[in-house]
Each structure stands twice: as structure tokens, then as C-alpha cells.
Amino acid sequence: MGSNMAENHPVAFRWVAQAKLNGTTLIHVDPRFTRTSAMADLYVPMRSGTDIAFLGGLIRYVIEHEKYFKDYVVNYTNAATIINDKFQDTEDLEGVFSGLKEAPQGSDQKYIYDNATWQYKRVQPWDAAKAREEAKKAATFAEMIQKMVPPAAEKDPTLQHPRSVFQLVRRHFSRYTPELVERITGCPQDVFLKVAETVTANSGPERTTTFVYAMGWTQHTYGVQTIGTTALLQLLLGNMGRPGGGILALRGHATIQGSTDVPTLYHSIQGYMAHPDARKAHDTLTDYILTETRPTGYWANLPKFMVSYLKSMYGDAATPENDFGYDWHPKIAGDYSHMPTMIAMAKGEVKGALIFGQNPATSINAALQRRALMQLDWLVVKDNFETETASFWYASPEVKSGQLKPEDIKTEVFLFPSAQVGEVEGTFTNTQRLIQFHEKAADPPGDCRSDAWFTHQLALRLKKLYADSTLPRDEGIKNLLWDFDYEPGTYPTDTRIQGEPDVLKIIREINGYQTGSKELLKSFGELKDDGSTTCASWIYCGIYPEKGKLLARSREPDPDNKPGTNLHWGYAWPANRRILYNRASADPDGNPWSERKKFIWWDAAQKKWVGYDVPDFAATKAPDTPAKPGATGLDAHDGKSPFIMMADGKGWLFVPVGLADGPLPTHYEPMESPVVNLLYPKQQHNPIAKYWQHEENQLAVVADPNFPIVLTTYRLTEHHLAGAMTRWLPWLAELQPELFIEMSPELAQEKGIKNLDLVRITTKRRSIVAKALVTPRLRPLMIDGKVVHQVGMPWHWGYMGIVTGDIVNDLTAMVGDPNVSIHESKALCCNVERLQ
Amino acid sequence: MAEPMGFFTDTSVCIGCKACEVACKAWNQLPARNGGKVPLTGQSYDNTVELSGIQWRHVKFIEQFSPDRSSGRWLMMSDVCKHCVQAGCLEVCPTGAIIRTEFDTVVIQSDVCNGCRACIAACPFGVIDINPETNTAMKCTLCYDRMQAGMVPACAQACPTHSIQFGPISELRQHAEARLAQLQAQGVSQARLYGHDESILGGLNSFYLLLDEPEVYGLPSNPQLPSRNVAPSAGLSAAGAVALGVLGLVGLRKQRMDKLAAEAREQQEGDGSHAG
Amino acid sequence: MAVVLSRRRFLKVGGAAAGTAVGALLGLGVDLHPKQVRAQSLRIQNAQAFPSVCPYCAVGCGTLVHVVNGQIVNIEGNPKSPINMGNLCPKGAATYQLHVNPNRLTKVLHRPPHGTQWELIDLDTAMDRVAELVKKTRDETFVETLPNGKRVMHTTAIFSLGGATIDNEWNHLQQKLMRGLGIVRIENQARI
Amino acid sequence: MPDSFFTASPEWRWWIVFYFFVGGIAGGAFAIAALLRLFGREVDRPLSRLGYYIAFPGSIISGILLIADLKRPERFWHMLIQSETFAPAFKWWSPISVGSWGLLLFGLFSFLAFVGGLAEVGILPRGLQALVQGGLGAVVNVLGGISGFFLAGYTGVLLSTTNRPLWSDTVWLGLLFLLSGFSTGAALLILLSWRQNLPALAWLKELDTWVLGLELVVLIVLLATVGMAVLRPVLFNAWGVLLVLGVVLVGILVPGLLHYRPLLGRLTVPGAALLVLVGGFVLRVVMLLSSEAA
């Protein structure tokens, strides 16, 4: 669901194809019949953006038919936990949870939630604020965390308590009947029930079901909740932490995982720690640690991660006395993500931009983003080919149409040519968190340089420019540890390129080392919170355990692919674990759930966890180990709690903290929808969805007669993203040379459109032109008794390249998921007409 | 002599990704048509249209849906030279450019071909065409160079779903039959093999598992060798030539007879006058 | 060998197709029997193969980059990789053309404010100029504390975008330099 | 769909159309010349010489057209000699291979006859007359005549030895082209000699009419053997109209009519010959290009 795997991840699909040959059943739920559907045993049509309704229907089916994996649910999830009496569900409040309040002025949200009422009910009352004040007096971070440990949560292992998570979940989804699923999604009941039967029959001790998703689930104003729905379902079915189970995110770029881990993202610093934030209680390092550390579970080690990170930033200048340079570190004070940044840029608030291998001129509400680029004083683009972003000032539709003249655009633009993967050495982290090293095979041509070269050279220049500054604001850059030049005499001799940084030195800093001896760290277990260890990214710690042994460079596959975890091919963070929470692959007593699904188990003789993977559990903690009351970290968990990162060691069906838009997923309509929310007529959208106000960013109203057709955007096998890496390649250009819009013969007939006719597609933002591809692979759906047409457009084209075409993102809107600010381009409203 | 080698293309697992097309072009350094700037065909996801001198692998897309969508399939098939055991192209080639290799495959030697294009017309599958860069006839070589080095052909190596399988023909036939049995057991009654036995041109060294009639995939149901027409056609022509010769002779004889008769008449008349 | 013979024999009894077989026997000069023509020269015969990773999606397929005399001559799937076992998708299979492509940029281009066309600029000069611009904009827009007194030590006037197709090592350098400078608008494709 | 529609077009177009047309005329003209020479009288020699004069240049033009059609014309010799071993290249079941040798032989004999003819009229030394007279002449005429027939007819066999629509769906194309070559060869002879009122002209006209009749019959048989499944897409269009108008009407029926009714007065004879030539040309055009277009 939410993924067109055969098209967008064909080589990952190789394993699905092999599984099919071994008898696996493949189900594809998608608005369009795609190349994945073609391979599926069952294709399930649905209206774009209604995944939560569909999955919620499955959850209800599982609960009402008692198909859940009881042993797993009781022991490994928080199903038995009792929730606060003040919590009120969407069923009580007509579509919103308790805690909804108005957002502060000037925010990009109308409402936000206060999650105070969503919390576990404790066995005794607990005053967090008071505990925090006490903790501040502690002498060490460890003692501080100790004082923050809350009392245990109330539980009912029978799952019968009306305030138990299990009963709350049951009640929350009680109206997601097959009838309602059909009315909302358009998927016929019999097909839905076939899915429900297949999935439940294929889950349990002997079998597992896996869900695979991609942007079809994420690019919505409730994207995170969609994945949450699946997590809930998979936990109920006992499919998490087990081989052949889980929820597989198919990510889209070579190291999109790595760039999230080593985050070129505004909201987080290394290893998934929150970025210091002026809106939170982050004033000092102590405040930060008190706010961000979960005292129980593995995250209790956050002080060690944070201090080691600060040491990697500021080196010797970071001392306990100056809070390890915490004050020099910038703090965020708002949403600086892509879309609001482009809005700010359009308003002239952003003056300069450095853009590497990304193409905002073709991104969401692209015309608005191009307009924003014109407000910049300067723009640096680094890419392999001339992108739309580099050339907006002379080649964009606005300039080509004469609306704007290059002479009127002030932006100074630099376009640096890039080296390509074969011309650079370094690592990529793939979608399964596997870090792989790629060797440099040849020098890049001309002035092409690696991106690391660019940033290194820029840093050296800036360090020099700031060397003599005495201003306090420049302390950060002055003290920034920048030791990436090759040691004298070690620079490679077989290259004409000079000034490259030493990649192994960069990895050393990411991996971490003993501050004094510079000895490489072998695992994040060695990290300290006193500054004696330096480590940029705790989750990558262990990738480079000793000199000459970079595990990302391991290239020894399992013989005959058995057992197939391939622990000696690349390195998967954390600690080379291939399946997270794999303790759940064994039953509470530590034995495999079944021989067929054997993966990690407790070896009583050796007194340790063994199996085909690196156990994601304390290596020698026996299944019968009791939890230590009042303890911090993993000691707070018993030997039957596989979810070690969670405060209670359990998989969360109900999510008390961490989600902005509710502890349980709920069906909402996309921001633009042709139908009203049948579940909650009074609450059409996610109440706290983000929307960025701009005259060029308007939305169609609900069931807008001018925009009656659902538009979904997507990618094709033959191209990559906005096409900068494919539309310049003749071999790929010829495979899909032109932009098209897929529509059903029924819609085409209604609109008088023939195959290959030019069609104008209009949304509330703008209109573009594409060729019609009339195909029975698309079909009209019956939504609550009304015919709803869907059309689809691949978004790979732009105005540069061998093959060009209109920019589909000119149609999309800047609206965002409240958790992560991802946009909603999978479900929009549009109209189509034949171009005269 | 090495063992006969070839492809078994199992269309039931083809995802139409076209990796085979690109891997083939990359290995054989074949150009894109018109530098990649080609029009959208509107025929499903097929924009490379056909096999040609620069397109040695071609993925076909066939959309089969009932009007109410209660049933529907999207068939895909990666087409390629069949490396026929009885190869029409090899028969007609006048220069000896087309050869049968030690792997029982059929290869066009580009440095021998003079571009007469007889092979193009002879191929029952429309595989061969002129490569505009070399101006010689070209087609899949089954990566003869890679095979000689013990490597897997580029397309088969790239194919993510094992739709394109490469190996000794005898092994591939076993795989194919097992897969067919599996599909038929799953109720895919339309599944069939094409070219796996000797009924088609003595066997195709690149054979297929299809999910429908061959014609649906653009394959002839009964491909034949061009040479089948040589004897009857030449015989009729030879008979015609003889007939023409006879006709001419008869005419000449008649003419001569007429002439003789006329002369005789003339003579008679002359004699008569003389006599008279 | 036996298989070959039986297949050949079929040719001879192949009814309508007998022409081929007879021809093979009688044809002058042109030999239709299977034969090894001269070995077709393998392009990667003397190449060095460097293990690499496909730069497109996040599956992480292993590739081999073949190099002869410092020039990339071929890129194909790495059969050893347990991820793809030599397989690639069309994009991955086209990686060679990402490297060896006449459309590729090889010079730094510069467009001055209000300019109407690209100008060539020396790499070092361009780097110096970018460093100056970053410093100038940062210094002009740096905020130490917010009006509410909260210390932020940042600038929101510079945007760093990109990274999901670029090595982890670059991501590390970039986010470190940006955060070192107080630049907080840092994003990449992972968001959208 | 008939199997022949799954094939690719060899793009045999105008060079080949002209080659088939010229080759047919040259072969037909030589065959007629040889018949006259072998079985005719001395008074028929001028007409047979005219045949030689047509045949040899025709063979040269044929060779040029054929080479021009090759995508690698500089490698034309690969048809005859293997480029690697320099052994002769010959496959008797490959019409192109055989045809190349046939054209070569025809070129040789028509050249000898051409020289002999020129010797007869004194342009070349009289001694060379032996090439077309006496025993040697008989050999040249017999072999040249056979190769002439071959040249006129093999082109159709060549087309049939494919898997293309129309061409491979019948075995009558060789005969049709042979007849057409013969009739166009005769027509050209008539056209070039009608003013001279040569004695054999009547024979030639008679013969041509007979051949045209045969051609019509063979054409009908051919179309019947092809079958509707092929005819519909290939000839139920402008090509079919051209075939009926250009070949059947203009090229066969009208000249046939003119043979019996001198409707054009003095110009009846050359007019009919010209129409036969046009018809023969259109026949090649339709037979080649309609299939290529299908």
C-alpha cells in the first residue's frame, strides 16, 4: 500500500518476485493499476488518500474477529496499559482528541494539541515539574536522569479495563466497518474482506505479513498517522520485530536515510536528537537534557550522545565548564523546513541559498518556489547537469512567456559541476539502514568536484575569514573542529584533483573516538557524558571500530545467501542489526515463536541471545529478568520487553508522546477532497494540519464543483524525481519522453478526450498541459453513491534536459503534515479539459 | 563446441521496468533513438516501439481489461532475438555475415555485413534492423563477447525479477516446464511456452512463457523459414521461362511459316506469271 | 555436445526446412555449422573493477565501475551484492551515461545579478566569492537573542538544501559547517 | 493477424524498384534477342542487336542500383567473395546470393553480346562478331538468355523468400516478375524499333500481347493465393487502386486492346509499348511499396 514497488524500487521487488515464486500472496492497494498491481495476486482499488480508513477497517476486523496475536499483544505492546481518565477520543469529540487548543498567532497551524490528557495512568500520582526541579540539583547527568523516572503505569493484562489501550483502540475503530470502508475508499466490500482474510490468515506464530509503503502513504497531511495505523495493525498481528514482518519504508534516494541519520534537516541533530529549540525548555545543556531524555529505555543514554556530539562540534574548546559549547550551538525558533523556508524566501527573508543536487524550481507549488528563488541575493547550485533551479532566471515559464525578464531578476547565480558516484569515495545509507562504501574509480572531468570538496573548501575559507574575529557570535565557527585534511604525505597520488577532504577522517568523527587517545570507538556502549568521548553520530558508532577496518566496506555476502542476513555485507546501524526489535521474534520465554520463523532466541546454555542477526536487546539479559523498579535505562525493562527504545519497552498501540496530531490514527480527508468526511462530518481535515498562507497557494473548497477530479502524482521506473538525473540521459529519456496524464476511458469520454490529445489540467493554484494517456488501468470509483474520477500524473518533467515538459508540481499546494511538514501531493483536486 | 545457451523469458514475472533495454544499450553502447528525443506513443508504457538495429531488447505492454474492470491484466514481455535453431536470417544472408556460434546462437558480424537487408525481411519476428551508426544489420548477439568470457548477458544480469533467465537450453527448458506446471496449478490456464520445443523453427534458443496467445504479444503463431518459398517460386519461374521460350519459338515458327507461305504464294504467283 | 547433435539432426529431417540443412552441406564457401568466430573483444577485458553503489533510489544496489586508463568504460550490477545480485533497474543500468555524457557540466558557470547569460568563472575565484557572500549575509542577518530574550545564535537568511543523493560524509560536513555558522535552515529531500 | 505482419520492413524502396524494373527489361530484352538470334533469321539480327544494346547497359545500371541500395555499398563484393577468407560466397538457396552471381553472369554475357553486336555493325573489329554468331555466339546467347530469364524472374523469388506480407504469402511473384520483365523488355524493343519496321516486330507484338495475357492471369492467381487476410491491409487501399489502374488497366488491358484496335493511329504501336513499360514499372512499385507500407 502506498507504494508502487515494482516501478519505483524494481530491484527490491526482485525479492517480492522471488517470494511469489515461492508461493507468497501479493496484494496491491492503490488508486492506480500499476506495474506492481500487474504482479499482484489481488489488486485493490481505492480513492487516493483514504488509507487510514482502509487500514482502520483491517484493525476493526482483527479485533472484532479476535484475529490478533494474543501472546504478542499482551506481552509486547501497551495494550494492557491504562490511560489517563481525562483522555477523550475522536468518537467523543466528533473528530478531535482532547487537548486541542488554538495555535499561537502567526503560526502555520490553526490548532495544536496539548498531549497532557493522553498519558498513561500511573500507579501513584507524579508531578513531573517538581521532579525536574529536583533533578536540576543533581551532580551528574546520570543522577539527574534517575530523579526523572516516573512511577510505573497501571495495567490490566486481561485487556478488559474500559480505559485500557486495547479497549480504547477497539472503541476508536468500532465504526470502521466494511460498509464504511467501501463508502469512504471506494473499495468494494468483498475485495476488502478478501484482504482482511488473507492478512489475518497469514499472521501468527507460523507466518508473518509485511506492509510496504512509500510516498503514497507519507505525502499527506496525515502521513505519519497512516504509518502509525499500520504499526498498530502489525503490532496486533504480532508482525513487528520478526522476519518477514514489519513495515518497510521504501525510500527514494541513494542516501536519503543517511541524510536523515546525519541530518541535513533543520529539526534534528545527529542520531535523532532534537535540535536545540528556543521554543522548548532548551536554554542550557541541562535544560536540554532534562527535556529530551526519556529516563527509562535506551534513550536514557541521551546525555552521553549529546555531550559526545558537542565534543565533535567544538573539540577541545568544548569543556564541562562551558556546557561543552552548547551556547554556541544555534537554536531553532520555528519551522524552517522546506516549504515555510520557500515562503519566507518569497517574502525576501532569505537572502542566500546553497543547493546541492536538489531542484526546488520543480518542487511543490513550483511556480511559487521559482518566484522565491528570484528574491534571493545569491544562489549556489551544485549539480551534474544544468537544472531548472540553476536556470530559472532565463528558462523558466515565467521568463519564457515574457512575464519576467532576466534583467529584472537580481539573483547572482553560481553553478558548480559535480563529481558523480563513480568519481568519489564515500558512503550511502540505503532504505534498510545499510551503510555501504563506494570506491572512487576515476577522476571527475574538468572543474567537477565532489560535494565534500566544496563544503570542505568553503569551510576552510570561512574559518580563515573568521579567524581574527573577537565577536561572541563568531565563537561557534571559530571553535568549530575542522580536521578533515589528509595528514601530510598521505594525499592520494593517482589523482589530479587537489584539496579533497580525507573521507576516513570524516567517518572517524562520525564513528567517534576517545577524546584523549583518538582511539576509535567500537560501539556506542563506550560513550561517556563527561567529554572523554567524541562522537558525532551515536547511531553510526561502531561502523569504524579500528583503523583499517571500515565495516561499511565489508563485502562478504552470506554463502548461498544463507541465512541471508548478510551481516558481513555493509554495516547496518545500530550495531549492525538488520531487523530492529528482533527480540520480538522470540516468545516471552525466549524461544522462537515457530521453527519456520526462527530468528533470534535465548540460548540458556550460553546465557545469551543468539540467532541470525545481531540481537537488538541487552545481549545477556535473560527473558525472566524482572524490571528494576525506579531504575533508569534498560534496567527499567524486564526481559520480555523487546522495544528497547520505548520508555516502557512495549510497542505502542496508543501513542502518548511523540505525535502532534493524536495518540490514535483517525480518518481525515485530504486538504482538497471531492467528498465530505463521512466518518466525522464536522471535522473534514486533520485539525492541526499545516497550511502556508500565500496568494499563490490557495486551496479548493470541499467538494468544489470546479475541481471535481482527484489528482494523484507519482513516479515512473524510467525517471528519477524531477528528472535532473535522468532526463539528460538519452537512454532514459527515450523510455518515457513526454509528460502525460493517465485517465480512465470513462472520464476521457465524458470530457471528449482521445488518447494523446493535449489536455489542460487545472487546480486552484495553476494549470499545465500534458498529453492524455487514456487507459483502463484507471477507473472511476463509487464514493458514497457518487462517481469520483481519479487521474494521475508523473512529475518528472521540467524545462531543462533532452526531454522537457510542464512541471506537475506547479499544480500542488503547500500544505503539511503537522509532525514532519511533508506536503500532500498524492491527493489533490483538479479539473481536466481538452486543449482546443 | 560449447553447450547450446540461450534465454528463457518468463513474462509472468516481467514488471516492464526496461532495465534489460538499458543494460543492453549500455553494454553494447547502442544509442537512443534520435538522441532520446522521441514522441510519446500513447501505447501504454511502450515508447521504444520495436526491436531495431539499436534496440536489441524491447519491452511490450498489453493492457487487457474488461469494461467493468472485474477482470484485468497488464501483460509485459521483454522481446529479443529468438536465436532460432533454424534461422531465416542466417539462411538468406548472402555475405556470410550471419553465423551460428559455438553456443548455438546466431550472431551478425558487423564487419562483414554490407547492408543488403535480406535478413530483415527474412526474420519472422521482425527482430533485425539496420543500425544507423554502423549502417549494418544488427540485433541481439546474446552478448557473445560476455559469453565467451563466461559472463551472463547484460540484460539477463540486470533483470530484477528473473523474467529473463540465461543458461544452457536444457536447463532452461526444465525451469520453464516447472514454472508452467506451477502456473497451471495456480489456475493460470492460459499460460503456455513458446519456442521451447522443436515445433517452432526447430526450437528457439530464446524462448518464452506467455500468458496468452502468441499474437497478443506480437509473436507469429507459426513462424516459418523464408526458404519454404524458394523451390515452388523458382520452379514456377523456370516453368514460365520455358513457356516463354516455347511461346517465342512458336511465334517465330508461325512467323516463318507465314513468311514461307507468303513466299510460296508469291513464288507461285511469280511462277504463274512467268509461266503466263 | 550430444544435445547439439540431436538438435542439428533435427534440422536435416525438418521437412519444409530441409533447404537449410541441404544448403549447409552443399553451400559453397559459406559454412553454416556452429563455429567460433574470432573472440569478440570484451570491452572490460583489461579494466579494473571498482565496487560502487547505485546513486538513484535507496535500495542500495551494488555496482561495478570498470575503468581503463583512468576512463570509466562500463558500469553494471555487482553480482556479489546480496542486495541486487547483479540486477539493476533502467536507471541504475544507465549510470554509465550519468558519468560519460556530453551534456554534463564541466565548468563553473556564473550569472551576475540581472545578467542575461552565463559566464565562465574560475573554480577558485568562485569559491572565494561564495565564501564572501556566505559571510556577508550571515554577518548582516545574525541573531543572537530573540525579542523574548531567548538565545538563538542563528541566521535564518541562508538556506542549505540537498543531500539525499550525496554521501553521508558530505552531509556530515555540510550540517556541521552550517550549524557551526549558525545557519539553521538546513533541509534535504527526506522532508518532501 | 497473418504471421507475415510480425516482421520488419527491409526498406527496399526506390533503388530496388528501379533495379527490378531495369533488370526485368534487360533480362527480358536479352532473352528475346537470344530467341531471335538462335531461332530467327538473319533479318532479325538488328532487333536482336538492339536487345544486346539494351541488355548490357541494363545490367550495368542494375548493378549500380543494387550497390546503391546497400547500406555499405563499398562492401558490395562481400556478396560474391567472403571478406575474411576470400573464398567465393555462394548459397544456392539464398536468392540474393544466387542473384548476385546471376547478375554477374548476365553482365558478362550481355557484355560479350554487346561487343559482338557492335562488331556486327562495324564499330568494333569484325572479328568479334563471333561472340554472337556461330558456335560461340550460340553459347553466349544460350547462357545469356538463360541468365536473362533468371534476372527477370529471380527478383520475385527473392521477395517471396522472406516473411513479409504479400511477398512471402505467395509463390507466384517470381513468375509474375518474369512475365513482366519479358513483356517490358519486348515493349522497350518495340518502342526503340517501331519506326524501322523490322520484320520481327509483328512477332514481338504478338508475343507481347500473349505475355500480357498470361501476366493478367498470373496476377489474378497470385492475388487469390495471397488471401484476404493479407490483401485487406496491404492492397485494399491506394496501392490496390494503383495496381488496378496502373497495372491491369494501363499496363495490360489498354495495350491489349490497342493490339487489336489501333485507336492511336500511327502512335498505336509505340503508345501500347509505352503503356506496357509504365505498367511494368507500376507493378514493381506496387508490389514492393505496398508491402513496405503494410
Side-chain angles (χ1 to χ4, degrees), chain B residues 50-52 88 91-97 111-130 134-137 215 218-224 226-227 229-230 232-241 243-245 247-249 251-256 259, chain D residues 1 3-4 6-12 31-32 35-36 39-41 69-73 75-76 78-79 82-84 89 91 93-97 100 146 149-150 153-154 156-158 160-164 167-168 171-175 177-179 182 200 202-203 206-207 210-211 214 218:
Chain B
E50 62 190 1
L51 290 172
S52 76
E91 265 189 356
V92 300
C93 175
T95 62
D111 55 340
V112 178
C113 171
N114 66 5
C116 78
R117 313 194 293 295
C119 52
I120 300 174
C123 174
F125 305 101
V127 165
I128 310 178
D129 204 354
I130 293 294
T134 62
N135 272 321
T136 59
E215 282 86 351
L219 295 171
S221 56
N222 182 30
Q224 288 177 284
S227 61
N229 285 337
V230 172
S233 190
L236 279 174
S237 301
L244 281 176
L247 199 62
L249 283 181
L252 278 177
R253 187 172 166 73
K254 184 166 168 267
Q255 193 186 27
R256 179 165 290 182
K259 192 90 173 182
Chain D
M1 201 160 38
D3 283 351
S4 53
F6 297 108
T7 59
S9 151
E11 314 240 325
W12 286 332
I32 291 164
L35 275 175
L36 277 177
F39 302 106
R41 298 160 301 168
D69 178 69
L70 294 177
K71 290 288 172 179
R72 296 295 294 262
R75 293 184 182 168
F76 74 93
H78 290 197
M79 295 280 197
Q82 293 186 62
S83 57
E84 292 168 295
K91 283 167 145 177
W93 65 97
S94 161
I96 290 206
S97 180
S100 304
I146 291 173
F149 270 124
F150 172 82
Y154 97 92
V157 179
L158 188 158
S160 288
T161 312
T162 63
N163 272 305
R164 291 293 291 161
W167 303 347
S168 69
V171 292
W172 292 85
L173 208 53
L175 179 56
F177 278 16
L178 176 79
L179 296 173
F182 199 86
W203 168 76
E206 186 74 29
L207 185 62
W210 270 98
V211 175
L214 272 176
V218 170

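All chains are named by letter (A, B, ...) in the order of the sequence lines, taking the proteins before the strands, and each is independently numbered beginning at 1. Values below: all heavy atoms of this structure, side chains included; hydrogens, waters and symmetry mates excluded.
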pair [X]-[Y]: side-chain heavy atoms closer than 4.5 Å:
X: D:Ile96; Y: B:Val92; answer: no
X: B:Leu219; Y: D:Phe6; answer: no
X: D:Glu11; Y: B:Ile120; answer: no
X: B:Asp111; Y: D:Ser83; answer: no
X: B:Thr136; Y: D:Arg75; answer: yes

Verify, without hydrogens or angle tests, whether [X] (side chain) and [Y] (backbone) share a donor-acceptor contact under 3.5 angstrom.
X: D:Asp3; Y: B:Ser221; value: yes
X: B:Asn114; Y: D:His78; value: no
X: D:Trp93; Y: B:Val230; value: no
X: D:Asn163; Y: B:Gln224; value: yes
X: D:Trp203; Y: B:Gly248; value: yes

Please check if the number of heavy atoms outside D:Trp12 that lie under 6.0 Å from its CH2 is greater than 12.
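Buried by this count: over 12 neighbours within 6.0 Å.
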Please flag which part of B:Leu247 lies under 4.5 Å from any non-hydrogen atom of chain D: side chain, backbone, both or neither.
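Both the backbone and the side chain of B:Leu247 come within 4.5 Å of chain D.
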Testing the basics here: between [X] and [Y], what is the closest heavy-atom pair and its distance to 0.1 Å?
X: D:Ala89; Y: B:Pro94; value: CB-O, 4.0 Å
X: D:Gly153; Y: B:Ser237; value: O-OG, 4.3 Å
X: D:Gly174; Y: B:Ser233; value: N-OG, 4.1 Å
X: B:Glu91; Y: D:Lys91; value: O-NZ, 3.4 Å
X: D:Trp167; Y: B:Ala121; value: CZ3-CB, 4.4 Å

Hey, which of [options] has the most heavy atom pairs under 4.5 Å with chain B?
options: D:Met79, D:Arg164, D:Glu206; result: D:Met79
options: D:Thr162, D:Val211, D:Leu158; result: D:Thr162
options: D:Ile146, D:Leu173, D:Leu207; result: D:Leu207

If you measure from CZ on D:Arg41 to CG on B:Leu252, what distance do you get to the nearest 0.5 Å?
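If we round to the nearest 0.5 Å, D:Arg41:CZ and B:Leu252:CG are 8.5 Å apart.
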Quick one: CG on D:Leu35 to CG on B:Leu244, what's the gap to the nearest 0.5 Å?
8.5 Å
At a heavy-atom distance under 4.5 Å, which candidate from [options] has the highest pair count against chain D?
options: B:Pro232, B:Ala137, B:Cys116; value: B:Cys116
options: B:Gly115, B:Gly251, B:Gly240, B:Ala243; value: B:Gly115
options: B:Pro220, B:Gly218, B:Gly126; value: B:Pro220

Is chain B contacted by the side chain of [X], its backbone, both, or neither, given a heavy-atom distance below 4.5 Å?
X: D:Phe150; value: neither
X: D:Ser9; value: backbone
X: D:Phe182; value: side chain

